[in-house]
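The structure under discussion appears below in the form of C-alpha cells.
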There are 2 protein chains.
Amino acid sequence: MMLCPKSAYHHGDLRDALLVAAEEQLEEEGPAGLSLRKLGRALGVSPGAPYRHFEDKDALLTELATIGFRRLYEMMLAEQEGAVGGQARLRRSGIGYLKFAYAHPGLFRLVFGWMPTGDAPQRTESGDAAFAGLVDILEQCARENLLREDPMSAGLLAWSAVHGAAFLMIDNNLKLCSLEPDPEMIGNQLHHALWSGIAK
Amino acid sequence: MMLCPKSAYHHGDLRDALLVAAEEQLEEEGPAGLSLRKLGRALGVSPGAPYRHFEDKDALLTELATIGFRRLYEMMLAEQEGAVGGQARLRRSGIGYLKFAYAHPGLFRLVFGWMPTGDAPQRTESGDAAFAGLVDILEQCARENLLREDPMSAGLLAWSAVHGAAFLMIDNNLKLCSLEPDPEMIGNQLHHALWSGIAK
DNA sequence: ACTTGAATGTATGCGGCGTTCACTTAGAAT
DNA sequence: ATTCTAAGTGAACGCCGCATACATTCAAGT
C-alpha cells in the first residue's frame, strides 16, 4: 500500500480518489456533468486510467450509490443514538434521513432516483438493510403497543412521508408551503402529524 | 399550418413531433440517453434541425417537464371528478398522482428530480398550480371542520407521503414492504393511515 | 403574378465524452 | 536478477451538443 505516492506514474490510491472526486462532481454538476475524463484530469491521470478501477461510468455511479445508501443508513442510526422508546427513535431516524438528503442532495438523488441500468444488486442490499432498520423501530413500537396498524403499513406511510419530504426539500419545493428547508424542523412537524393523523 | 407535409424538405410539425419522440426516448432510456441527434434521425431530419425549435437540449427537457407537470395536475383533477367532500377529493387526487407516476415514471422523475440548470420559471409555475389544487382541497376539509391542523401542515404531510410513495413505487422499492406497485391500492392504504394517524 | 423576408432544414465542423487497445512502467515475488 | 502483474499512457473510434454558413420553402404584400 502506497499512501504517499513518490512516483508520478502510479497514483497509489486512484480508486478511492476517483470516488471522492466523483462525489464532489456529482454534487456540483449532477450525474450528467460527471465525466470520467474530467475526473482523470482533476487527479492528474490519463483518460483511460479510471477504467483500470471501474468497468464503466455506470459501475462507478453504482458504487457511489451503494456507498451513499450505507452512509444514509449510518446517519439514521447515529441520529437515534441515545433515544429510548420507539416513537423517539422513529422521529430521530427520520430527521437523520432528512439531514442526509439536505447535506448530500446529489448523492441522495443518485441513490434513489437514478437506476444505473437495471437494479444493481448491491444497492438493493443496502436498501434492504436501511428498510430493515425502519421495520425494527416500528416493531418496537408494536411491542410497546403504540401502533394502530401493523408495522408494515405504518412503515409504508412513514417511509413515504420522509422520502417525499426529502425530495421536496432538496428540490426547493417547500417554499410552496411557506416552509424553510430545515431538516430538524420538517422532521418534527412531519412526525407530529404522522403520529396523530391529520384528521380530527 | 401544414399538418400533412407534402414536401420532404419541411417536416411540417417538427416541434411537436420532437416532444412526442422525446417523451418516448425519455421513458425508454432516461434523460441521459435522450439525444437531439437521435431524435432528428428518428424523424428523418438533419442533426441541426431540432435547434430551430429548441435553443438547446435543456430547453427541450424543460418544456417536457412543464408539460409533464401540467398533465400530472390534470390527472389529479380528472381523478377527483365526481368526488364530493374534502376527504374523498384528497384520496382520489392522491391516487391520480400515483397513477401518473406509475404510467410515466421517466416524465415524473424529470418533472421533479431533474432540475435543468436553475429553476426554470415555467416549471415552477406549473408546480404552484398543482400545489394550489392540493391546498384548495385541504381548505375544503378545514371548512368541513375535518382537520386537526392548519391546511399547510396537513398539506406538507399529504404531499410528502404521496410524493415519496410515488418514488418508492417507480423505483421498485415497495417490494421491501411486500407491496405490489398498484396506485389505487397504495393510494387507499396511504390515505387511510394518513387520515387517522399511525398511533393509537 | 412577382418579389421579398422569414421560417425551416442541410451540411459541416469543433471540442468533449465514453470506451477500447496496444504499449509502457513500477513494484513485488521468485 | 529475472519475471510477473497491476497500474497508467496515449492514440484512436464513434457519438454527442452545439455553432455557423448555406439552401429551400412558405406566406404575404404589393
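Per chain, numbering begins at 1; letters A, B, ... match sequence-line order.
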Discussion item. Which label fits A:W195 and A:H191: parallel for a plane angle under 30°, tilted from 30 to 60°, or perpendicular past 60°?
Written reply: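 The arrangement is parallel - the two ring planes meet at less than 30°.
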Worksheet item: Which angle, rounded to 10°, do you find between the first-five-pair axis and the last-five-pair axis of the helix from C:dA1-D:dT30 to C:dT30-D:dA1?
Response: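 Axis angle across the helix from C:dA1-D:dT30 to C:dT30-D:dA1, nearest 10°: 0°.
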Send over the distance from [X] [atom1] to [N] [atom2], rounded to a whole Å.
X	N	atom1	atom2	value
A:D13	D:dA6	CG	P	17 Å
B:E29	D:dC15	CD	C1'	13 Å
B:R52	D:dT20	CZ	C1'	10 Å
A:L14	D:dG8	CG	C1'	9 Å
B:H53	D:dC18	NE2	P	16 Å
A:R15	D:dG8	CZ	C1'	16 Å

Discussion item. Within the 4.0 Å limit for protein heavy atoms, which parts of nucleotides 14-19 of chain C are touched? Write it as a string from 5' to 3', B for base, S for sugar-phosphate only, - for none.
Written reply: ---BBB
Flag, side chain of [X] to backbone of [Y], donor-acceptor distance under 3.5 Å:
X	Y	answer
A:R148	B:A199	yes
A:S93	A:R89	yes
B:D56	B:D58	yes
A:S160	A:L156	yes

Worksheet item: Can you list every salt bridge (charged side-chain N to carboxylate O under 4.0 Å, His left out) pair that touches residues 17-41 of chain B, not counting sequence neighbours?
Response: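 Only B:E23-B:R71, B:E29-B:K38 qualify under salt bridge (charged side-chain N to carboxylate O under 4.0 Å, His left out).
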Worksheet entry | B:M169 CE to B:L174 CG distance, which is reported to the nearest 0.5 Å |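 It comes to 7.0 Å.
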Worksheet item: Taking the six-membered ring for Trp, is the centroid-to-centroid distance between B:F108 and B:F112 below 6.0 Å?
Response: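 Distance test on ring centres: under 6.0 Å, yes.
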